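First up is the structure itself, then whatever we jot down about it.
All of these numbers come straight from a predicted model, not from anything done at the bench. Just so we're on the same page: letters track the sequence lines, and every chain starts at 1.
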Protein chains: 2
Amino acid sequence: MNVDIGNALDGDLGLTRGDLDALDERVADAHDRIERGRAEAEHGYAALNLPETCDPDAVRRAADGFDPDHLLTVGIGGSALGAATLTDALGSGVDCRYLDNVDPAWVRAILDDVDLSGTVVNVVSRSGTTAETLSNFLVVREAMESAGVDWTDRTVVTTGEAGNLRSMADRHDLPALKVPEGVPGRFSALSTVGLFAAEIAGVDLDALLAGAADEAERLAGSLFESPAYAYGATTYALAERGAATNAVMPYAESLERFAEWFAQLWAESLGKDGRGQTPARALGATDQHSQLQLYRAGPADKLITLVRPREADDVDIPETDLEGLSYLGGSSLGELLDAEFRATEASLAAAGRENVRIEIDRVDARGLGELLYAMEAACVLYGELAGVSTFTQPAVEWGKNAARGLLGGGEFPEADAVTEKRRLEVE
Amino acid sequence: MNVDIGNALDGDLGLTRGDLDALDERVADAHDRIERGRAEAEHGYAALNLPETCDPDAVRRAADGFDPDHLLTVGIGGSALGAATLTDALGSGVDCRYLDNVDPAWVRAILDDVDLSGTVVNVVSRSGTTAETLSNFLVVREAMESAGVDWTDRTVVTTGEAGNLRSMADRHDLPALKVPEGVPGRFSALSTVGLFAAEIAGVDLDALLAGAADEAERLAGSLFESPAYAYGATTYALAERGAATNAVMPYAESLERFAEWFAQLWAESLGKDGRGQTPARALGATDQHSQLQLYRAGPADKLITLVRPREADDVDIPETDLEGLSYLGGSSLGELLDAEFRATEASLAAAGRENVRIEIDRVDARGLGELLYAMEAACVLYGELAGVSTFTQPAVEWGKNAARGLLGGGEFPEADAVTEKRRLEVE
């Protein structure tokens with residue numbers, strides 16, 4: 001993986017090479033802290049050890065014997081996004097769906113659309129009590145029973161050491177994977193949580209983890225020596241100077257979900273204490289006809305992160321007699337996409353708008369391993385530099401308690417606030 | 001449609017009812033300006049006349065005789081997003097795909113995945129020269145020829161009065177729809193541009209336009225009398241007070257694409273002169289486990305726009321013996337989603353974070369007509385209040401010219417800037 005921060009310097013926000021040199025001392029200290037956390041497998045830091053602690057054989061054993069047409073992963077947030085990022089980018093052959101919402105019509109449509117007798121279900125919840133996930137799982141289980149399909153033959157559980165789902169797995173002798181200790185959901189793509197779906201979808205788990213291990217080895221006490229830290233330090237420095245938004249714009253449809261995964265990682269880890277950088281999801285070249293106007297000519301409060309593979313398959317553009325389009329004939333979609341990438345990057349730079357280029361060799365298992373690991377390490381570094389509690393999510397818990405209280409799932413003071421909505425309605 | 005701005009008042013950004021009362025005089029003036037623009041069908045303002053000027057019969061005639069399994073809409077930006085929003089939310093039966101990017105592997109995969117002999121192609125470009133769209137169309141046309149399918153039997157053109165695509169349609173006697181004058185792409189969902197796909201996908205065009213007409217009738221000289229203006233004025237007032245981001249969070253999977261359509265409308269119309277509000281796409285309840293942490297506890301620089309239908313189909317949650325989950329049994333996914341919606345809204349309000357609730361009766365043609373029209377009118381009002389040139393997109397043109405120059409499509413000074421990339425690479 002390669003990170004090019006040249007266009008992050010001397011733009012409208014005024015970050016200079018000298019600023020990065022000065023920041024680099026703090027990067028060294030933060031790196032020491034991160035390495036200590038990794039050595040002691042502290043909560044959160046333990047996620048950066050996954051390339052070595054994750055056991056892909058356990059995942060393979062859980063998947064062994066299954067050869068489904070469809071995989072339904074029932075999970076929400078970090079229990080779905082890592083797996084979805086991997087199977088969207090790399091999966092082939094198996095139709096992977098993610099029940100990560102409780103929209104009734106949508107859940108019903110998915111269940112009607114798949115052949116449940118050719119489906120494997122992976123229910124993912126560390127606690128075994130996540131309301132959305134468990135509700136959806138109960139609905140899926142009943143749909144299987146109604147269809148005459150034995151759910152115990154085709155359900156794999158991914159959960160913590162104990163709890164509801166663990167007991168259910170024991171009772172019915174289901175394959176069960178353990179969510180690793182010390183790894184928050186949004187950092188769990190490279191663990192059992194992300195890897196089961198990847199294995200079912202035919203992803204090369206060894207190459208994925210090897211890519212991640214490569215980036216782990218490159219973590220170093222200087223931002224100029226580690227792509228992950230170059231990105232984390234630059235985003236932090238720009239945020240301090242007013243880059244309130246980080247727009248992540250991959251130039252590959254297969255990485256669209258990666259931008260969503262990144263958005264969770266960034267928002268939930270760094271959005272606290274009145275601080276944080278807002279992730280925005282974009283997609284090249286499509287959003288050149290949409291968001292680029294704002295990025296180039298709107299407020300100077302953004303970093304644009306451009307992500308692309310260096311190599312990809314290509315499709316030739318046929319010759320044409322359509323007027324004014326002869327320049328396209330003999331070219332290719334890949335060349336057009338490449339020209340659009342370089343034009344957007346230059347367009348932003350010419351307008352003084354900071355941007356960073358991240359490149360992987362290809363959208364393959366190794367490339368994804370590098371990319372996901374590096375973004376996680378970048379996020380952890382940013383959190384250290386900003387002094388936030390990277391691995392907690394207290395604001396998410398508030399809403400969970402309120403919803404649970406509203407549904408009669410116990411006494412939660414948060415539920416009382418819900419009745420007090422102030423109204424000013426215009427119809 | 002109903003807009004509730006109660007939670008936009010007296011939050012961290014300090015907007016008060018008195019501020020809105022004061023702003024309302026400017027809303028009256030802006031409304032006069034908008035009505036003048038509509039009366040004279042001025043560029044951009046003409047879009048707000050579509051409920052009466054759009055001729056759904058012309059769309060029906062163009063679609064007449066087609067009964068495809070797949071519809072491939074070849075267009076980018078506003079030439080795809082409106083149609084995609086409608087067919088994602090309301091379509092049934094026909095598989096609608098949008099070739100709105102030039103990623104080669106992705107284009108190839110779509111062409112491999114559909115039966116071209118059962119496919120209708122709608123190529124959409126006002127100018128007939130959009131590089132991405134025309135390139136993709138040339139690739140699609142060749143794929144049809146290779147598959148022994150006569151593309152002239154199954155191609156519908158949507159374009160301007162003259163140009164490449166118009167000539168091609170004349171030459172091959174293809175059904176051709178006219179992109180209306182004075183309607184920028186991002187405001188064209190309710191025109192021929194959005195309606196052809198909707199018609200093919202079985203959407204009730206009359207109900208859609210009737211919903212839009214209802215909102216048009218409610219435009220009035222006070223924000224307290226028009227839902228569209230209530231939203232436009234409130235977003236403007238909050239942006240002036242520091243709401244740099246507008247996070248649009250529908251609580252319906254079928255409206256996920258609506259958030260993307262909104263993002264284009266908002267970014268491309270209002271992002272200019274160093275100003276504008278950055279749209280962020282979110283989805284309830286899923287993003288409660290992701291973005292909510294940032295929205296609630298990050299910087300006080302956001303408005304959260306919560307969108308939902310008042311009514312929807314439901315799915316019961318089965319009773320369960322799983323420990324601690326008995327409260328879910330006998331409830332429903334819809335009740336859970338509703339509790340999550342209210343909990344999130346209250347959670348944000350309790351933290352002082354401004355939010356607005358937008359409700360339509362159902363996700364149906366009438367509701368979508370109301371919603372899309374109201375958001376367009378809100379955007380136009382915001383543009384008037386902010387004094388920006390709502391209907392232009394100069395920054396998008398820069399990148400187009402640069403890309404075209406890079407590909408040898410003519411002499412464009414913008415292309416010269418592309419070679420000057422400043423590099424600072426970390427590998």
Side-chain angles (χ1 to χ4, degrees), chain A residues 2-6 76-77 101-106 135 138 142 164 227 230 253 264 267-268 271-272 276 286 289-291 293-294 296-298 313-315 317-318 322 327 333-334 336-337 339-340 342-343 346-347 350 393 395-396 398-399 402-403 406 409 417-418 422-427, chain B residues 2-6 76-77 101-106 135 138 142 164 227 230 253 264 267-268 271-272 276 286 289-291 293-294 296-298 313-315 317-318 322 327 333-334 336-337 339-340 342-343 346-347 350 393 395-396 398-399 402-403 406 409 417-418 422-427:
Chain A
N2 178 294
V3 172
D4 181 350
I5 56 175
I76 195 166
N101 203 353
V102 287
D103 179 316
W106 175 79
S135 296
L138 294 173
E142 187 181 61
N164 260 326
E253 285 277 338
Q264 182 193 16
E268 207 171 358
K272 42 201 67 155
T286 308
H289 294 257
S290 165
Q291 303 304 295
Q293 171 65 39
L294 173 74
R296 187 170 202 263
D313 296 339
D314 209 345
V315 169
I317 302 173
L322 288 179
Y327 76 97
L333 296 185
L336 177 56
L337 189 64
E340 306 249 23
R342 288 184 294 137
S347 165
Q393 53 285 332
V396 167
W398 198 101
L406 284 179
V418 176
R422 170 178 178 167
R423 291 183 181 273
L424 176 52
E425 297 185 84
V426 182
E427 294 196 61
Chain B
N2 179 293
V3 172
D4 182 350
I5 55 175
I76 194 165
N101 203 353
V102 287
D103 179 316
W106 174 79
S135 297
L138 293 173
E142 188 181 62
N164 261 324
E253 285 276 337
Q264 183 194 14
E268 208 171 355
K272 41 201 66 156
T286 307
H289 294 257
S290 167
Q291 302 305 296
Q293 171 67 38
L294 174 74
R296 186 170 203 264
D313 296 339
D314 210 345
V315 169
I317 302 173
L322 288 178
Y327 77 96
L333 295 185
L336 178 55
L337 189 64
E340 305 248 23
R342 288 184 294 137
S347 164
Q393 54 284 331
V396 166
W398 199 101
L406 283 178
V418 176
R422 171 179 177 165
R423 292 183 179 276
L424 177 50
E425 298 185 84
V426 183
E427 295 196 57

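Chosen from A:N101, A:I76, A:L138, the residue pairing most often with chain B at heavy-atom distances under 4.5 Å is A:N101. Of all the listed residues (A:A395, A:A346, A:G399), the one sharing the greatest number of non-hydrogen pairs under 4.5 Å with chain B is A:A395. Options A:A339, A:P104, A:G334, A:A343 differ in how many heavy-atom pairs under 4.5 Å they form with chain B, and the most are formed by A:P104. Considering only heavy-atom pairs separated by less than 4.5 Å from chain A, the leading option among B:V3, B:I317, B:D314 is B:V3. With chain B as the partner, the residue from A:A402, A:A350, A:G77, A:A403 showing the most heavy-atom pairs under 4.5 Å is A:A403. Of all the listed residues (A:N164, A:V396, A:V315, A:D313), the one sharing the greatest number of non-hydrogen pairs under 4.5 Å with chain B is A:N164. Of the listed residues A:E340, A:Q393, A:E268, A:R342, the one with more heavy-atom pairs under 4.5 angstrom with chain B than any other is A:E268. With chain A as partner, the option from B:R423, B:R422, B:Q291 having the largest number of non-hydrogen pairs under 4.5 angstrom is B:R422.
In this structure, the side chain of A:E425 does not engage the main chain of B:D4 through any donor-acceptor pair within 3.5 Å.
Interface remark: A:L406 contributes side-chain atoms only to the contact with chain B (heavy atom separation under 4.5 Å).
Residues B:Y327 and A:G409 come closest through the heavy atom pair CG-CA, 3.4 Å. Counting all heavy atoms, side chain and backbone alike, B:E427 lies closest to A:N2 at CG-ND2, 2.9 Å. For the residue pair B:H289 and A:Q264, the shortest heavy atom distance occurs at O-NE2, 3.0 Å. Minimum interatomic distance between B:V426 and A:A230 (heavy atoms only, all atoms of both residues): CG2-CB, 3.7 Å.
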